[in-house]
Student: 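This is the structure, below, for whatever I ask next.
Every number for a ligand or one of its atoms is a count from 1 in the order of the listing. What you see below is based on every heavy atom in this structure, not just the backbone, and it leaves out hydrogens, waters and symmetry mates.
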Amino acid sequence: MSLPLQSLAWGFRPVPFLLRAQQQYGDVFTIRIAAEPPWVMLGHPDAVKEVFTGPPDKLLAGEANQVLRPILGDHSVLLLDGREHLRERRLLLPSFHGERMQRYGELMREIAEDELATWPTGTELALAPRMQAVTMEIILRAVFGVRDAARLDALRRALGELLRFVTDPRTVAVVATLGLDRATRFKAFRSALGPVDRLLYEEIAAHRAAGDLREREDILSLLLQATHEDGAPMTDLELRDELLTLLVAGHETTATALSWAFERLLRTPGAYARLRDEAAGGDGTAYAEAVAHETLRLRPVLPVVLRKLTEDMTIAGHDLPAGTTVAPSIVLVHRRAAVYPDPHAFRPERFLGVKPGTYTWIPFGGGVRRCLGAAFALYELQVVLHAVARHTSLRAAGAANEGVKRRAITLAPGRGAAVVVRDRQPHRPVVAAPVPAVA
Ligand code: HEM
């Protein structure tokens, strides 16, 4: 396939493009997209393992994400490599430890319930923007706390504006043509980024001036108390870059996963009813967890992760020269029939009581670059799934499956996960009815 055709296929129909190429060429093949150097696609879990357990100084992820530098800044953990990357990651990790997630749970539930109380009934509603409002609020409040409602409100609007600008197809087209570095010299770009920067620095200054950081639970307060191994605290510039990284990385991704979860649940007989029963019964979260795992398997938010080789390496038996970009393919690994029988079907049951495999379930990437917010996101998915299921009866607005539409780099439901809210009454607990096993 020619370069323009490959670029179009990657841009508009990435999933069928990858699956077809794998059928034709096997588990290792090269694709060429626009101005990017060729990517070597890896579709086998063993090859993925080689990359995720390989030496991080020879498999650079930050280098492969450079396109985000003008927005996220030089210190962003997403863009650094080697020792500098680990230095930043070490400071961010404690904010995302498993036991901290419970503390965010109540906040997540309240935000979701406030949002869904505003949903109209009996008319079509696109869930994707609603889920974005929920995840934006959750990440903002987790990162900053709720000390100053007016500043949070200003930040919410400025950030929304920036993300709308960045994901606008016209911006994506300009960036694809000029490269992000040159594109950022445009006034429109600076006007979108300027207010976010100003508000972030104001928020950092206000937190620094606060005398009660130790009592606070928000991530910025934790980061202000953290120090590098040499005892140095984080600078304002470093904080700005990491905060924006968390806000950007943690918002659209989770909203997209939630939208897909409802898109799939409502087209799978019995699935939403089963989630509602679990949510109403107060009897654990096993099914919601399985729904989150299966959604991220079948509809991963990102199709690939990227690593750039600094030295010649042999991967999956292929000798690859320095400079090659390898792309462990989330889409391809997740559709392997040998691992997931009937791989194109949405079946949350396959994950009930089953821990997803480290190299066969990779929606959050892996190795030293594995998504820092994975536990946070999975917890958020469960809490929001339960909150919506507890309070709403939904149906899909249309029987046809929604196609995959690219939004900048994420793969989102084509019609924004369109639903109709039938009823918004509190769901009565199901006491005696046993939950049927779904085949
Ligand atoms: C369903 C939601 C999410 C998905 C699918 C997702 C996916 C990913 C992926 C694929 C990577 C790259 C991993 C690699 O290269 O191996 C990543 C990195 C990252 N994610 Fe997420 N993410 C999600 C939610 C979040 C949230 C909620 C946060 C923060 C609150 C977050 C923060 C980050 C950060 C900081 C990195 C960079 C890690 C590093 O380079 O060391 N993500 N994410």
Side-chain angles (χ1 to χ4, degrees), residues 42 48-49 51-54 56 59-66 68 72 75-82 84-93 95-97 100-101 104 108 131-132 134-144 218-220 222-223 241-261 291-293 295-308 325-331 333-334 356 358-359 361-385 409-412:
L42 304 171
V48 169
K49 183 174 180 184
V51 172
F52 286 169
T53 57
L59 291 152
L60 306 187
E63 180 74 24
N65 292 333
Q66 287 311 310
L68 298 169
L72 300 183
H75 302 279
S76 166
V77 69
L78 258 170
L79 306 181
L80 295 171
D81 279 304
E84 281 186 312
H85 165 252
L86 289 180
R87 187 171 180 264
E88 287 296 315
R89 193 173 160 99
R90 217 191 104 250
L91 288 195
L92 294 175
L93 267 173
S95 302
F96 296 99
H97 271 165
R100 278 194 64 81
M101 294 310 117
Y104 300 129
M108 292 171 172
M131 290 298 139
Q132 274 172 24
V134 169
T135 60
M136 165 80 94
E137 201 58 29
I138 289 175
I139 190 71
L140 271 176
R141 303 256 293 269
V143 167
F144 296 116
D218 61 86
I219 293 174
L220 176 52
L222 289 182
L223 293 181
D241 291 357
E242 299 312 359
L243 293 176
L244 190 55
T245 300
L246 296 179
L247 296 172
V248 170
H251 149 250
E252 168 118 6
T253 44
T254 318
T256 305
L258 279 165
S259 307
W260 275 125
V291 167
H293 289 148
T295 302
L296 288 166
R297 178 193 73 81
L298 190 61
R299 294 287 185 270
V301 177
L302 302 169
V304 293
V305 294
L306 302 174
R307 302 287 187 268
K308 197 165 179 178
T325 296
V326 290
S329 169
I330 301 172
V331 165
V333 168
H334 286 186
T358 312
Y359 306 109
W361 187 79
I362 55 166
F364 296 108
V368 295
R369 305 306 298 225
R370 186 168 190 269
C371 174
L372 267 170
F376 186 94
L378 284 171
Y379 196 65
E380 187 175 354
L381 289 179
Q382 281 167 39
V383 172
V384 178
L385 282 169
I409 57 167
T410 57
L411 306 180

Student: Would you say the side-chain atoms of Ser76 pair up with the backbone N or O of Leu78, donor to acceptor, closer than 3.5 Å?
Tutor: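 Looks like yes, one N/O pair under 3.5 Å.
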
Student: Please say which of Leu243, Asp218, Ile219 ends up in a side-chain contact (heavy atoms from CB on, under 4.5 Å) with Phe144.
Tutor: Leu243

Student: Give the residue, atom name and distance (to 0.1 Å) of the protein heavy atom nearest atom 26 (C) of ligand 1.
Tutor: Gly250 CA, 3.3 Å

Student: Which one holds for Arg307 and ligand 1: side chain close, backbone close, both close, or neither close, with close meaning a heavy atom under 4.0 Å?
Tutor: side chain

Student: Is Thr254 close to ligand 1, meaning an N/O of one under 3.5 Å from an N/O of the other?
Tutor: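 So ligand 1 has no N or O lying under 3.5 Å from an N or O of Thr254.
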
Student: Walk me through it: do Ile362 and Ile330 pass the test side chain to side chain contact (heavy atoms under 4.5 Å, CB included)?
Tutor: CA-CA 6 Å; Ile362 55 166; Ile330 301 172; 4.1 Å; yes

Student: Look only at interatomic distance and state if Arg369 has a nitrogen or oxygen under 3.5 Å from any nitrogen or oxygen of ligand 1.
Tutor: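 Between Arg369 and ligand 1, an N or O pair is found under 3.5 Å apart.
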
Student: Of the non-hydrogen atoms in Ala257 and Leu296, which two are nearest, and what is the gap between them?
Tutor: CB-CD2, 3.9 Å

Student: Hey, is ligand 1 close enough to Arg89 that some N/O pair sits below 3.5 Å?
Tutor: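 There is such a contact, yes.
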
Student: Which residue and non-hydrogen atom of the protein lie closest to atom 12 (C) of ligand 1, and at what distance in Å?
Tutor: Val305 CG1, 4.0 Å

Student: Might you work through the side chain to side chain contact (heavy atoms under 4.5 Å, CB included) test for Trp260 and Met131, ending with a clear yes or no?
Tutor: CA-CA 10 Å; Trp260 275 125; Met131 290 298 139; over 6 Å; no

Student: Distance-only, no hydrogens or angles: does the Asp81 side chain make a donor-acceptor pair with backbone N or O of Leu60 under 3.5 Å?
Tutor: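 No, because the side chain of Asp81 does not come within donor-acceptor range (under 3.5 Å) of the backbone of Leu60.
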
Student: So, 4.0 Å and heavy atoms of His85: is ligand 1 close enough to count as a contact?
Tutor: yes

Student: Which atoms of ligand 1 have any heavy atom of Phe376 under 4.0 Å away?
Tutor: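 Contacts of ligand 1 toward Phe376, numbered from 1: 27 (C).
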
Student: Nearest to atom 32 (C) of ligand 1, what protein heavy atom do you find, and at what distance?
Tutor: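 Here the closest protein heavy atom is Ala249 CB, 3.6 Å.
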
Student: Look at atom 24 (C) of ligand 1 and say which protein heavy atom is nearest, naming residue and atom and giving the distance to 0.1 Å.
Tutor: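 Sorting protein heavy atoms by distance from atom 24 (C) of ligand 1 puts Thr253 OG1, 3.5 Å first.
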
Student: When you compare ligand 1 with Phe52, is there at least one nitrogen or oxygen pair between them that comes in under 3.5 angstrom?
Tutor: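 No - when backbone and side-chain N and O of Phe52 are compared with those of ligand 1, no distance drops under 3.5 Å.
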
Student: Hey, could you give me the CG/OG distance between Leu306 and Ser329, rounded to the nearest 0.5 Å?
Tutor: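 Result: 10.5 Å between the selected atoms.
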
Student: Using a 4.0 Å heavy-atom threshold (strictly under), name the region of Phe364 that reaches ligand 1: side chain, backbone, both or neither.
Tutor: both

Student: In the protein, which heavy atom is nearest to atom 21 (Fe) of ligand 1, and how far is it?
Tutor: Cys371 SG, 2.2 Å

Student: Can you list the atoms of ligand 1 that are under 4.0 Å from a heavy atom of Gly365?
Tutor: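 So the atoms of ligand 1 that pass are 10 (C), 13 (C), 14 (C), 16 (O).
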
Student: Nearest heavy-atom pair of Glu380 and Met108: which atoms, and what distance?
Tutor: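 The pair with the smallest heavy-atom distance is CA-SD, 3.6 Å.
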
Student: With atom 5 (C) of ligand 1 as the reference point, say which of Ala374, Ala292, Pro363, Gly367 has the nearest heavy atom.
Tutor: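 The residue whose heavy atom sits nearest atom 5 (C) of ligand 1 is Pro363.
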
Student: Closest heavy-atom contact between Arg369 and Leu79?
Tutor: NH2-N, 4.3 Å

Student: Are Tyr379 and Tyr104 close enough that their ring centers fall under 6.0 Å?
Tutor: no

Student: Looking at Gly366, which atoms of ligand 1 are within less than 4.0 Å of one of its heavy atoms?
Tutor: 16 (O)

Student: Which atoms of ligand 1 sit under 4.0 Å from any heavy atom of Ile139?
Tutor: 30 (C)

Student: Between Val77 and ligand 1, find which residue part has any heavy-atom pair under 4.0 Å and reply side chain, backbone, both or neither.
Tutor: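 Both of them.
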
Student: Looking only at distances, can you tell me whether any N or O atom of Arg370, backbone or side chain, sits closer than 3.5 Å to an N or O atom of ligand 1?
Tutor: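 No.
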
Student: Supply the atom-to-atom distance Ile139 CD1 to Leu247 CG, rounded to the nearest 0.5 angstrom.
Tutor: 6.0 Å

Student: Mind listing the closest non-hydrogen atom pair of Ala61 and Arg307 along with its distance?
Tutor: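 Shortest heavy-atom contact: CB-NH1, 3.6 Å.
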
Student: With heavy atoms only and a cut-off of under 4.0 Å, state how Leu306 meets ligand 1: side chain, backbone, both or neither.
Tutor: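 Neither part.
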
